[in-house]
Amino acid sequence: MITREEIANVLDQPVYDGDGNKIGDAKHVFFDDMTGRPEWVSVKTGMFGGAESFVPIRDAAMVQDHLEVPYGKDQVKGAPSVDVDAGGHLSETEEHRLYDYYGINWDSVLSEAERTDDGRSAAGTGTAGTAGAAGAAGAAGAAGLAGTTGAAGTAGGRTGREDAMRREGMRGDEAMTRSEEQMRIGVERHESGRARLRKYVVTEEVQQTVPITHEEVRVVREPITDANRDEALAGPEISEAEHEVTLHAERAVVETETVPVERVRMTTEELTENETVRGQVRKERIEAETESFTEGETKHPRDDKRRGGK
């Protein structure tokens, strides 16, 4: 069980379940107004915002640098959402819902609170114990935010929750603590897309000019001279004859060969840019109220009753 002295070590510490799974971070501890003992811890389960789940702290324990609770991660995240009033208290109805969700018997909690309250009265702790019976029906088990003093109720019809809220600013040097929420921003890495290299084949028309040659027939006529007279008179005088010449020509021949031309690969680079994140935080405000009394009016009506006043 977590004691009041260990509260400072609990707040803002990681919370794990019995299997070693991190549930979140402890944000607030709530005390039972009757017993004055820590009763609930709110666990922030969301990364960016206000998702807080309530977990019983009665069976929790500090293990090294974290708080361990005997409930599974999914069970804690699925706890019913409850409202905390302006005084930092859970109502009896809200607390009853949480006890039912975690399988804790409400009657046993009430009996334990009454036993503890009776023990405090017998030990002489003051009116908180003796008046507990009067306020138990309306405020049994009501839990207040860490920092309030536990009180079951007072004579005169005030409930334990009202008395605890009234006593919050009256202990020690009669000063109130003002708190406010601060926004903590983190970043998470996620997949934003995929890129791949794909190789495929296309056919392109390529045009290139190359020189080619061919042979053509040209008739050459030579006059008879002393140099060629003998060759000219070597044949018959009058006859028919033919002479054949083979012509040649070049043509373009296309061949292809595969050659490597470049290497292509992909790399990634990180670019940093600023993003504006907006959220809502709550702040407490403290204002002084002054009540004026007319002449002849007393500040403590109950004193009038003791003097016989109506």
Side-chain angles (χ1 to χ4, degrees), residues 12-25 27 43-53 64-66 68 72-79 81 181-281:
D12 293 325
Q13 296 301 315
V15 180
Y16 287 77
D17 62 13
D19 296 327
N21 301 311
K22 182 178 179 181
I23 303 173
D25 296 322
K27 301 307 296 181
V43 182
K44 177 184 175 185
T45 58
M47 176 167 294
F48 295 109
E52 288 190 29
S53 299
Q64 296 179 351
D65 59 348
H66 66 270
E68 186 172 297
K73 178 178 180 179
D74 293 338
Q75 184 180 9
V76 173
K77 286 191 172 183
S81 176
E181 295 178 338
Q182 295 182 347
M183 188 165 63
R184 297 181 180 178
I185 302 175
V187 297
E188 63 178 0
R189 195 176 185 89
H190 66 94
E191 290 188 3
S192 61
R194 294 179 182 273
R196 62 177 61 88
L197 286 177
R198 183 169 63 91
K199 185 170 69 172
Y200 58 95
V201 177
V202 297
T203 302
E204 296 180 351
E205 292 289 338
V206 178
Q207 181 176 306
Q208 185 175 346
T209 301
V210 296
I212 58 174
T213 61
H214 67 278
E215 296 178 341
E216 292 184 353
V217 173
R218 184 167 61 90
V219 177
V220 180
R221 298 178 183 275
E222 298 177 351
I224 302 299
T225 63
D226 293 339
N228 58 16
R229 184 179 295 275
D230 294 338
E231 293 181 1
L233 297 175
E237 294 181 359
I238 300 295
S239 65
E240 293 182 358
E242 67 179 24
H243 183 72
E244 185 178 280
V245 176
T246 300
L247 302 177
H248 297 84
E250 294 178 340
R251 64 170 175 264
V253 179
V254 178
E255 294 181 353
T256 60
E257 62 176 338
T258 301
V259 295
V261 292
E262 65 177 351
R263 295 276 295 169
V264 180
R265 68 176 184 274
M266 288 194 304
T267 61
T268 61
E269 60 179 0
E270 290 189 353
L271 303 178
T272 301
E273 58 185 12
N274 294 325
E275 180 177 346
T276 301
V277 179
R278 292 182 174 84
Q280 293 182 341
V281 296

Checklist outcome for this item: Distance col, row Ile23:CD1 vs Lys73:NZ, nearest 0.5 angstrom, shows 8.0 Å
Item to check | Residue pairs fulfilling side-chain hydrogen bond (donor to acceptor under 3.5 Å, both in side chains) with at least one residue in residues 195-208, sequence neighbours excluded | outcome: none
Next on the checklist: Using the side-chain hydrogen bond (donor to acceptor under 3.5 Å, both in side chains) criterion, which residues pair with Ser239? Sequence neighbours excluded.
Outcome noted: none
Item to check | salt bridge (Lys or Arg N to Asp or Glu O under 4.0 Å) partners of Glu181, counting only residues at least two apart | outcome: Arg282
Item to check | Distance, nearest 0.5 Å, that separates OG1 of Thr213 from CD of Glu250 | outcome: 3.0 Å
Checklist entry - If you round to the nearest 0.5 Å, how far is OG1 of Thr268 from CE of Met266? => result 9.5 Å
Item to check | Contact check, side chains of Asp17 and Val76, non-hydrogen atoms, under 4.5 Å | outcome: no
Item to check | Residues in side chain to side chain contact (heavy atoms under 4.5 Å, CB included) contact with Glu222, at least two apart in sequence or another chain | outcome: Val220, Asn228
Next on the checklist: For Glu237, give me all partners under salt bridge (Lys or Arg N to Asp or Glu O under 4.0 Å), at least two apart in sequence or on another chain.
Outcome noted: none
Checklist entry - What are the two closest non-hydrogen atoms of Gln182 and Val281, and how far apart are they? => result C-CG1, 4.1 Å
Next on the checklist: Can you list everything that forms a salt bridge (Lys or Arg N to Asp or Glu O under 4.0 Å) with Lys77? Sequence neighbours excluded, please.
Outcome noted: none
Next on the checklist: According to side-chain hydrogen bond (donor to acceptor under 3.5 Å, both in side chains), who are the partners of Gln13, at least two apart in sequence or on a separate chain?
Outcome noted: none
Checklist entry - To the nearest 0.5 Å, how far apart are CD1 in Ile185 and CZ in Arg278? => result 11.0 Å
Item to check | For Lys27, all residues meeting side-chain hydrogen bond (donor to acceptor under 3.5 Å, both in side chains), sequence neighbours excluded | outcome: Asp12
Next on the checklist: Going by the rule side chain to side chain contact (heavy atoms under 4.5 Å, CB included), which residues pair with Ile238 if we only count those two or more places apart in sequence or in a different chain?
Outcome noted: none
Please list, one pair per line, the donor and acceptor atoms closer than 3.5 Å that link side chains of residues 252-259 to other protein atoms, with sequence neighbours excluded.
none

Checklist entry - Roughly how far, to the nearest 0.5 Å, is CD of Glu68 from CG of Asp19? => result 9.0 Å
Checklist entry - Between the side chains of His214 and Glu216, does any donor sit under 3.5 Å from an acceptor? => result yes
Next on the checklist: Taking side chain to side chain contact (heavy atoms under 4.5 Å, CB included) as the definition, give me every residue that meets it alongside Asp74, ordered by chain and number, with sequence neighbours left out.
Outcome noted: none
Checklist entry - Quick one: salt bridge (Lys or Arg N to Asp or Glu O under 4.0 Å) partners of Glu270, sequence neighbours excluded? => result Arg189
Checklist outcome for this item: Closest non-hydrogen atoms of His248 and Thr246, given as atom of the first, atom of the second and distance, are ND1-O, 3.6 Å
